[in-house]
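Beneath this line is the structure, given in structure tokens, with notes to follow.
Along the sequence shown, residues are numbered consecutively beginning with 1. These numbers come from the heavy atoms of this one structure, side chains and all, not from hydrogens, waters or symmetry mates. Counting convention: from 1, in listed order, for ligands and their atoms alike.
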Amino acid sequence: MNIKTVATTAFPDQKPGTSGLRKQVPVFQKPNYLENFIQSIFDSLEDYQGKTLVLGGDGRYYNRQAIQIILKMAAANGVGRVKVGQGGILSTPATSCVIRKYNAFGGIVLSASHNPGGPEGDFGVKYNIGNGGPAPEKVTEAIFARSKVIDSYKILDSLDVDLDSLGESKLGDMVVEVIDSVNDYQELMESLFDFELIKQLLTSGKFRMCVDSMHAVTGPYAHAIFEKRLGAAAGTVKNGTPLADFGGGHPDPNLVYAHDLVEVMFGDNPPDFGAASDGDGDRNMILGSNFFVTPSDSLAVLAANAKLVPGYKDGLAGIARSMPTSQAADRVAAKLGVDCYETPTGWKFFGNLLDAGKATLCGEESFGTGSNHIREKDGLWAVLFWLNILAVKQQTVEGLMREHWQTYGRNYYSRHDYEGVDSDRANTLITNLRNAIPTLKGKKFGNYEVEYSDDFSYTDPVDGSVSKQQGVRIGFTDGSRIVFRLSGTGTQGATLRLYLESYEADTAKHNLDAQEALEELIAIADEVAKVKELTGMDKPTVIT
Ligand code: VG1
Ligand code: CO
């Protein structure tokens, strides 16, 4: 075996963000850049010698090259076996599933999720731990600390591995096992949902659906599960072949970027159900005919109806949502008599709650929903959950949502993103807000009075770890909220996220457009934070 130790110089900028290390492709292509980060991961881990690692990615540009490098480094660092998705393809939820099923010590997911791909697009590396979930902050901090002082890495001098043929081969002493990208994941889905009932719905001739995989990783999964297994009509899955540049689009399932699907669902004679997923398959957008389901509402509706679904028939231990996610799920938790947890943004904060059995369902406003079946959010899982509920209740998407609002009231919700803001200006905006916090309580803005304001800090109820400065919150006496935070997944400049929420109990007032319902709060946000002035933008880049 020919193991080389290569001298290298540390890069100062390998700090993982909300979800792994994300940089533009040319940055990852710099000599030693990827190698340094991967070696920093191995150097920060213990007890993995001879054990199994899971490896795959969303198929974006540089995926295959990166996989070859990582395989050779894994062999040189003493990993026993790597399970790698065929063609280098594994969605984020499938990676989590495989790590758990085969007791791997961890996994590496190559993805920048919803960020665009291609030679000038973004690339990313996420490390997941043995529970199948994103590495918690203490692990990512150790990796970052190591990356700042690293001076060499180990790599096997060998030929590339064939990633396209299923089966085992040897790379030095290490076994490389190319696995079917879909099988393990599909089996897990079959164990949770009533596939026969969903099949009846999809083959009844009375229910049409459209699934947009956005040229990203879910294509093979959606084809196998919806068309092949569940009998949905051929052509149900659109944009179903993963492309290295996602066809030039943003693989981000929202009303702006999933425009193909939006045209179908809001066009003439729309299907009954529409769904889209993101680059790495962990996000989902749910649409009905002429109807958009806000992700926060999706979490609440799944929670309220969970008992109808076989995998959740015994009820929920608790619900967890990220702080900026609307409080619609809190109302369901209260009615169910279970705890509701509020965590910082990013799936890594749900891991402990799920492992400890404190929460069963989790969700984020950013089109992420998931459960204790794995330790990542899961786009197609959410689609199946919706289909299972619709099949049991024989309702439309809109009908189910309206019934929910009637019972619980409606949490009007929207997120305004200001992308590509100058970093200094974005930091000034947040610093100004932090400074204003002590002066806000009791202040009146039109109909609204500030009840509290803070910079969200989270103490993990399981291990006591504290995460500070997770977003500035302004809460009003009627339960409405405005939240400001900066994105931790972008690669250029800063992205300001403004989250807006107001509650309406009166069913007669559930027909407003969210932007209309939130108009006054939007104006207050600008007054308090000087958003337009400091970003230099008249309006948000993306509204969801
Ligand atoms: C965004 C979302 C967050 C999500 C994260 C990763 O982070 O807001 O809710 O967990 O992306 O999702 P940020 O820091 O940019 O707001 V994914 O599908 O990009 O892995
Ligand atoms: Co994603």
Inset, instruction - Look at the side chain of Arg100 and the backbone N and O of Gly132, then say whether any donor-acceptor pair between them is shorter than 3.5 Å. - result: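 Checked: no pair found.
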Legend entry - Atom CD of Glu141: over 12 foreign heavy atoms under 6.0 Å: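 Enclosed: over 12 neighbouring heavy atoms sit under 6.0 Å from CD of Glu141.
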Legend entry - Within 6.0 angstrom of Lys532 NZ, more than 12 heavy atoms from elsewhere: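 Not more than 12 within 6.0 Å, no.
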Of the side chain and backbone of [X], name the one, both, or neither that has a heavy atom under 4.0 Å from an atom of ligand 1.
X	value
Ser19	side chain
Asn115	neither
Arg22	side chain
Thr18	side chain
Arg415	side chain

Please name the atom of [X], restricted to N, O or S, that is closest to the Co ion (ligand 2).
X	result
Asp280	OD1
Asp282	OD1
Asp278	OD2

Legend entry - Interatomic spacing from OG in Ser480 to CG in Leu521 - rounded to 0.5 Å: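 The OG atom of Ser480 sits 5.0 Å away from the CG atom of Leu521.
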Inset, instruction - Report yes if Tyr499 has an N/O atom closer than 3.5 Å to an N/O atom of ligand 1; otherwise report no. - result: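 Between Tyr499 and ligand 1 (N or O atoms, distance only) the closest approach is not under 3.5 Å.
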Legend entry - Under 3.5 Å: N/O of Gly488 near N/O of ligand 1: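 Yes, since at least one N or O of Gly488 sits under 3.5 Å from an N or O of ligand 1.
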Legend entry - Under 4.0 Å to a heavy atom of Ser113 - the qualifying atoms of ligand 1, by number: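 By the 4.0 Å cutoff, the relevant atoms are 17 (V), 18 (O), 19 (O), 20 (O).
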Legend entry - Asp278 neighbourhood, listing ligand 1 atoms whose heavy-atom distance to it stays under 4.0 Å: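 Reading through ligand 1 atom by atom, the close ones are 18 (O).
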Inset, instruction - Answer yes when Asp212 and Lys238 have at least one side-chain N-carboxylate O distance shorter than 4.0 Å, and no when they do not. - result: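 Here Asp212 does not pair with Lys238 in a salt bridge, since their nearest N and O are not under 4.0 Å apart.
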Inset, instruction - Check whether any N, O or S atom of Ser19, backbone or side chain, sits closer than 2.8 Å to the Co ion (ligand 2). - result: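 Not a single backbone or side-chain N, O or S atom of Ser19 is under 2.8 Å from the Co ion (ligand 2).
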Inset, instruction - Write down the atom of Ala359, the atom of Asn372, and the distance for their closest heavy-atom approach. - result: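 So the minimum-distance heavy-atom pair works out to O-CB, 4.4 Å.
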Inset, instruction - Determine, considering heavy atoms only, which of Arg497, Arg485, Lys377 sits nearest to atom 6 (C) of ligand 1. - result: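 Answer by nearest heavy atom: Lys377.
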